[in-house]
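Report on the following structure.
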Amino acid sequence: MTGLAMESSELLYHLLLDRAIKVVIVVVAVGILALGMTVIWRRAGRTKKRPD
């Protein structure tokens, strides 16, 4: 490979790795948010003697 092709290949690798890391962070954050919302929804929705 020439110097320019190798640099562009390395750049592409770093960009893809950066994108993959960001996607993983977003997926984990959405999972934690969904878990927190589920816990809050269950606790708020279940009162023992709820007057109707």
Side-chain angles (χ1 to χ4, degrees):
M1 282 188 160
T2 64
L4 185 59
M6 190 163 32
E7 284 182 23
S8 64
S9 173
E10 289 178 17
L11 177 63
L12 181 62
Y13 171 76
H14 286 293
L15 288 174
L16 289 174
L17 183 63
D18 184 57
R19 177 62 56 117
I21 290 170
K22 288 178 181 178
V23 167
V24 168
I25 290 171
V26 168
V27 167
V28 169
V30 168
I32 291 172
L33 179 66
L35 180 64
M37 289 176 66
T38 303
V39 168
I40 291 170
W41 186 272
R42 287 185 181 175
R43 289 191 183 217
R46 295 188 187 189
T47 55
K48 296 199 178 202
K49 294 183 180 177
R50 191 166 138 190
D52 289 329

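Predicted, not measured: the structure shown is a model, and the values here were computed from it.
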(request) Check side-chain contact (heavy atoms from CB on, under 4.5 Å) between L17 and all other residues, then give those that pass, not counting sequence neighbours. (result) Y13, I21
(request) Identify which one of M37, R43, R42 satisfies the side chain to side chain contact (heavy atoms under 4.5 Å, CB included) criterion when paired with V39. (result) R43
(request) Can you spot which of I32, V26, I25 makes a side chain to side chain contact (heavy atoms under 4.5 Å, CB included) with V28? (result) I32
